[in-house]
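This report refers to the structure that appears directly beneath it.
Note that these values count all heavy atoms, side chains included, but never hydrogens, waters or copies made by symmetry.
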2 protein chains.
Amino acid sequence: MPVAPLFRPIDVAPAYQKVADAIEREIVNGRIKPGDPIGTEHDLVRQFGVNRSTIREGIRVLEEGGLIRRDSSRRLHACLPRYSKLASRLSRALVLHEVTFRELYEASMTLEVASIEGAVERATEQNIAELTNNLARSEAVVGNPAMLAECDAEFHVLVAKASQNRVLQLAREPAAQLFYPTTEMIVTGVAEGGPRLVAAHRHLIDAIRRRDREAGVLWTRRHLQDWRRGFEKIASLDRSVEHMYMEHAQATRRR
Amino acid sequence: MPVAPLFRPIDVAPAYQKVADAIEREIVNGRIKPGDPIGTEHDLVRQFGVNRSTIREGIRVLEEGGLIRRDSSRRLHACLPRYSKLASRLSRALVLHEVTFRELYEASMTLEVASIEGAVERATEQNIAELTNNLARSEAVVGNPAMLAECDAEFHVLVAKASQNRVLQLAREPAAQLFYPTTEMIVTGVAEGGPRLVAAHRHLIDAIRRRDREAGVLWTRRHLQDWRRGFEKIASLDRSVEHMYMEHAQATRRR
DNA sequence: GCTCTAGCTTTGTCGGACAAAGGGAACAGA
DNA sequence: TCTGTTCCCTTTGTCCGACAAAGCTAGAGC
């Protein structure tokens with residue numbers, strides 16, 4: 001006959017983990033708001049009653065999770081996790097899982113089409129202005145593959161933003177980050193790549209402005225199909241997706 | 001007149017970050033394969049020539065990123081980041097960004113419909129067997145909201161898995177993790193909730209088995225609409241989404 | 001009132017230390 | 001020979017104390 005449980009399971013976790021959990025709890029439940037300063041390491045030592053080394057290990061956990069950051073003066077404060085940083089973890093995971101081109105392409109098709117549908121429905125004047133501004137910059141750098149690729153990535157982030165759906169925005173980011181480095185290669189390797197890319201963006205903005213869902217979906221599909229054809233042309237190059245990812249990851253970390 | 005650049009920017013980063021970067025690089029480019037042991041902390045101290053405290057801070061960064069883990073004996077080894085762990089970071093971020101119900105619902109509709117479409121097209125016998133097994137377990141616990149909610153979450157993970165698209169699998173996970181804790185509340189609060197949920201699962205498996213895309217999409221929509229109606233019924237309860245998330249996060253961390 | 005410097009604070013890193021837990025090898029018994 | 005036990009070594013988690021470099025602050029000097 002089993003006895004009634006008298007005790008709860010003891011929470012056995014390393015001290016640094018408990019420190020991280022405690023601070024996370026305060027941030028997630030809102031007692032510490034984004035932007036609020038966390039104390040200095042010494043403060044935390046006093047509050048938690050553990051050694052500074054232990055505190056520092058806990059801080060690393062939270063920092064990597066994007067919950068806290070150090071500002072210019074290296075003081076700690078809570079912050080809203082940035083999508084692009086979190087997404088880069090996922091992109092890394094996708095590379096490690098060796099996802100196929102089909103998986104990436106199919107998922108992106110779904111996510112980008114959903115983004116444009118949202119954008120067509122809910123884009124604000126502000127959103128459209130940002131997209132238009134992006135288009136102008138793209139036209140100016142159409143001969144520079146690296147800068148054009150960067151503009152393209154930003155364009156699609158702006159479309160997702162215009163959808164007014166942050167869940168979607170976040171869901172599309174990991175796949176988009178894997179797209180980005182290949183765009184440069186495609187624009188470099190395919191003669192008509194640059195102009196076609198800019199033209200597609202123009203049509204997409206136009207569709208959003210006219211609230212023309214059909215056109216938005218159509219041009220998103222074409223845009224992605226262009227990207228696929230370009231990718232298939234250069235797929236025989238010697239650089240692997242892993243290498244592309246590594247370069248991208250290092251570049252973003254430096255920011 | 002600007003001089004030609006003689007020097008590259010010096011990479012100024014804390015030592016612990018360099019340690020983490022160096023190990024990450026070896027894992028991502030494949031020189032260290034998932035499962036391979038990383039040395040002991042003392043080994044790393046010798047290899048990198050820094051203090052053990054510094055090594056340990058670097059290890060925390062990688063551990064949080066899911067790139068390395070400690071096995072039962074606490075030895076370090078590389079590993080494939082697990083989707084559910086990474087996704088919980090994103091779920092946390094979504095909570096902090098205070099996403100609305102509309103955003104969550106709309107994105108999930110897109111992602112779950114895409115999952116079922118993939119599953120209908122590509123599910124293997126193995127996938128169908130797993131789904132059938134899940135259904136049987138769901139039927140057995142239809143009166144237990146907590147366990148039924150867990151089965152439901154697993155069911156949709158299995159559908160995504162059956163789509164044979166890991167990018168999609170990963171993209172849907174953050175939103176799904178926010179769904180999960182509410183499912184229990186809905187099944188508890190709505191009388192017909194449990195049976196309707198199980199019935200929907202049965203129809204979904206059937207659609208996958210018959211490769212009937214229309215039916216799959218239809219029942220996914222109905223299933224999600226049921227969830228929404230349930231949510232709207234209980235939305236006046238006193239527990240906020242943040243609380244639901246916190247409880248869920250703690251439960252998963254203990255695993 | 002403004003600037004500049006000296007001093008205090010904080011971070012990043014180091015060296016060493018110790019208890020607890022795990023793994024492994026030697027040893028005893030079947 | 002195989003199995004089970006015990007003791008020792010290793011490894012981890014944590015602590016203590018220390019110091020240089022960089023930031024911040026307050027007071028001196030104008």
Side-chain angles (χ1 to χ4, degrees), chain A residues 7 9-24 26-27 32 35-79 85 250 253-255, chain B residues 9-27 32 35-79 85 250 253-255:
Chain A
F7 305 107
I10 298 174
D11 190 7
V12 49
Y16 69 85
Q17 188 68 55
K18 289 187 182 172
V19 168
D21 285 353
I23 298 176
E24 171 184 346
E26 295 305 291
I27 294 176
I32 300 178
D36 286 357
I38 316 291
T40 66
E41 294 179 0
H42 189 57
D43 289 338
L44 297 174
V45 166
R46 269 189 308 241
Q47 292 182 54
F48 286 103
V50 298
N51 192 270
R52 194 160 75 99
S53 304
T54 306
I55 293 289
R56 283 175 64 84
E57 287 187 43
I59 286 174
R60 293 296 155 247
V61 171
L62 295 169
E63 233 173 10
E64 180 67 8
L67 278 182
I68 67 178
R69 288 169 74 181
R70 314 197 94 109
D71 61 19
S72 61
S73 71
R74 286 191 256 186
R75 272 207 217 320
L76 291 169
H77 57 88
C79 68
K85 167 167 182 166
Q250 283 170 18
R253 212 194 324 279
R254 272 200 285 275
R255 268 178 220 153
Chain B
I10 298 174
D11 190 8
V12 48
Y16 70 85
Q17 187 67 55
K18 288 187 182 172
V19 167
D21 285 353
I23 298 176
E24 172 184 344
R25 206 164 20 245
E26 296 304 292
I27 294 175
I32 300 177
D36 287 357
I38 316 290
T40 66
E41 294 178 0
H42 188 55
D43 288 339
L44 296 175
V45 165
R46 269 189 307 239
Q47 292 182 53
F48 285 102
V50 298
N51 193 272
R52 193 159 77 98
S53 305
T54 306
I55 293 288
R56 283 175 64 82
E57 287 188 44
I59 286 174
R60 291 299 155 245
V61 171
L62 295 170
E63 232 172 10
E64 180 67 7
L67 278 182
I68 68 179
R69 287 170 74 181
R70 315 197 92 110
D71 60 20
S72 61
S73 70
R74 286 190 271 192
R75 272 199 197 11
L76 290 169
H77 56 85
C79 69
K85 168 170 181 167
Q250 283 169 18
R253 214 194 322 279
R254 272 199 285 273
R255 272 178 213 152

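In this model, the phosphate group of dA21(C) is not approached by any side-chain N or O of R75(B) to a distance below 4.0 Å at OP1 or OP2.
The distance from atom CZ of R70(A) to atom C1' of dT11(C) is 7 Å, rounded to the nearest whole Å. E63(B) has its CD atom 11 Å from the P atom of dT12(D), to the nearest Å. In this structure, I59(B) atom CD1 and dT12(D) atom P are separated by 7 Å, rounded to whole Å. In this structure, K18(B) atom NZ and dG12(C) atom P are separated by 14 Å, rounded to whole Å. Distance R69(B) CZ to dT12(D) P: 17 Å, rounded to the nearest Å. Atom CG of L76(A) is separated from atom P of dT9(C) by 18 Å (rounded to the nearest Å).
To the nearest 0.5 Å, the span separating CD on E63(B) from CD on Q17(A) amounts to 8.0 Å. Within the model, atoms OG1 of T54(A) and CG of L44(A) stand 12.0 Å from one another, a figure rounded to the nearest 0.5 Å. R70(A) CZ to I59(A) CD1: the interatomic distance, rounded to the nearest 0.5 Å, is 5.5 Å.
A15(A) and V50(A) get closest at one heavy-atom pair: CB-CG1, 4.5 Å. Taking every heavy atom of both residues into account, I27(B) and A78(B) meet most closely at CD1-CB, 3.9 Å. Of all heavy-atom pairs spanning E24(A) and L67(A), the tightest one is CG-CD1, 3.6 Å.
Direction change of the helix axis from one end of the helix from dG1(C)-dC30(D) to dA30(C)-dT1(D) to the other is 0°, with five pairs defining each end axis (rounded to 10°).
For the segment residues 40-57 of chain B, the set of residues with a heavy atom within less than 4.0 Å of an atom of DNA chain D comprises T40(B), E41(B), R52(B), R56(B), in numerical order.
D21(B) places no side-chain N or O within 3.5 Å of a backbone atom of K18(B) that could act as its donor or acceptor partner.
Ion pairing between R56(B) and E57(A) holds under the 4.0 Å rule for side-chain N and carboxylate O.
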